[in-house]
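For ligands, and for the atoms within them, numbers begin at 1 and follow the listed sequence.
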Amino acid sequence: MKINAYAAMVPKGKLEPFSYESGELGAEQVDIKVEYCSICHSDLSMINNDWGMTQYPIVPGHEVVGEVVAAGTAVKNVKIGDKVGLGWLSASCMSCQECMSGEHHLCASNESTIVGRHGGFADYVRGHWSWAIPLPKEIDMSKAGPLLCGGITVFNPIILAGVKPTDRVGVIGIGGLGHMALKFLKHWGCEVIAFSSNPDKKEQILEMGASKVVNSKDPKELESIAGSLSFILNTTNVSLNWDSYLTTLAPKGKFHTVGAVLEPMAIPAFSLIMGEKSVGGSPLGSPALTKTMLDFCVRHNIYPTVEEFPMDKVNEAIKHLEDGNARFRLVLKN
Ligand SMILES: [Zn+2]
Ligand SMILES: [Zn+2]
């Protein structure tokens, strides 16, 4: 099958129309007709080769929702005609200890949708059936794409940290990832403090359910919540004064990062030791947890706040994101 896509030919290059032959469908693979694909910051990182693992031409796009149009002979769980979502991962080995434990996102042989293969800025994309996550019937397809990468990335830490509905928690950075975390935690039952240094977003952040927006650059504001948070989720990928956030954690509090900060994070040992605090991180989440998250979203009507662009305006959408104007996730429609 000939697939029509948008690809960057060189690092930081504009996306150009690009077509390729999909080749023979594997026994365990499905082809998905892309209805919507949203833009994740990792797409930009990959276009720019920030992580040194991009192969050109690259077709970005790993927050896909669409319909299964072809299924290999050994495909399980989904069938032709099903609506599914495909995120950052497109295959796991299905036999290692992690896969056998249901933790496919930790499989060492994982295939990533846009690493060494072509992603969802296209009319079709291919993946292993295990990562073609069945969508609940009632889901709003036009807003569901960001849940498949950004959404599960911030949902998994809530489970990992054992966050309780009675907890007071914090989210650092209210952008693409952070605003989804804020909505999840609000519906979880928590009191949510948003850390943001952008005053333009304050009203919107409060509307999304934050009880308070704290400017972390203001020591007085940090002082006002010292020692009160059970859990902090960092969604930014820039170096911050981590120690000042640790002071806002209650004893036994957990600081969790999903933001891929490239520099080493400076964490003073005593800030952890005295209150039995801990620091951790995580990537994505398992296929089963992704399904659970989607059900949770439908039950509570939780969706990312999106702006929609037609697929052929992909370069305009990327510029909008690079200029810092995205409110809060951009979705491309085929
Ligand atoms: Zn992503
Ligand atoms: Zn595996």
_Asn237 (side chain) donor-acceptor with Gly259 (main chain) under 3.5 angstrom_ =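 No.
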*Okay, side chain of Arg117, backbone of Arg126: is any donor-acceptor separation there less than 3.5 Å?*
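Judged by distance alone, yes, a pair lies under 3.5 Å.
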*asked:* With respect to the Zn ion (ligand 2), please indicate if His104 possesses an N, O or S atom at a distance under 2.8 Å.
replied: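 No, since none of the N, O or S atoms of His104 sits under 2.8 Å from the Zn ion (ligand 2).
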*Please state the angle at the Zn ion (ligand 2) spanned by SG of Cys107 and SG of Cys99: what is it, rounded to 10 degrees?*
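SG of Cys107 and SG of Cys99 make an angle of 100° at the Zn ion (ligand 2), to the nearest 10°.
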*Could you go through the side chain to side chain donor-acceptor pair (under 3.5 Å) check for His256 and Ser282 one step at a time?*
CA-CA 8 Å; His256 194 104; Ser282 62; 2.8 Å; yes
_Applying side-chain hydrogen bond (donor to acceptor under 3.5 Å, both in side chains), can you list everything that pairs with Ser130, at least two apart in sequence or on another chain?_
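In terms of side-chain hydrogen bond (donor to acceptor under 3.5 Å, both in side chains), with neighbours along the sequence ignored, Ser130 is linked to His128.
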*Below 4.0 angstrom, N of the basic side chain to O of the carboxylate: do Glu67 and Lys83 qualify?*
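Result for this pair is yes, salt bridge flagged.
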_I need the protein N, O or S atoms closer than 2.8 Å to the Zn ion (ligand 1), given as residue plus atom name._
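Only Cys40 SG, His62 NE2, Cys149 SG fall inside 2.8 Å of the Zn ion (ligand 1).
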_Glu98 side chain to His105 side chain, donor-acceptor N/O pair below 3.5 angstrom_ =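 Short answer, no.
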_Count I, L, V, M, F, W, Y as connected when their side-chain heavy atoms are under 4.5 Å apart, and connections chain through other members. Are Ile232 and Ile273 then in the same cluster?_
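Hydrophobic grouping puts Ile232 apart from Ile273.
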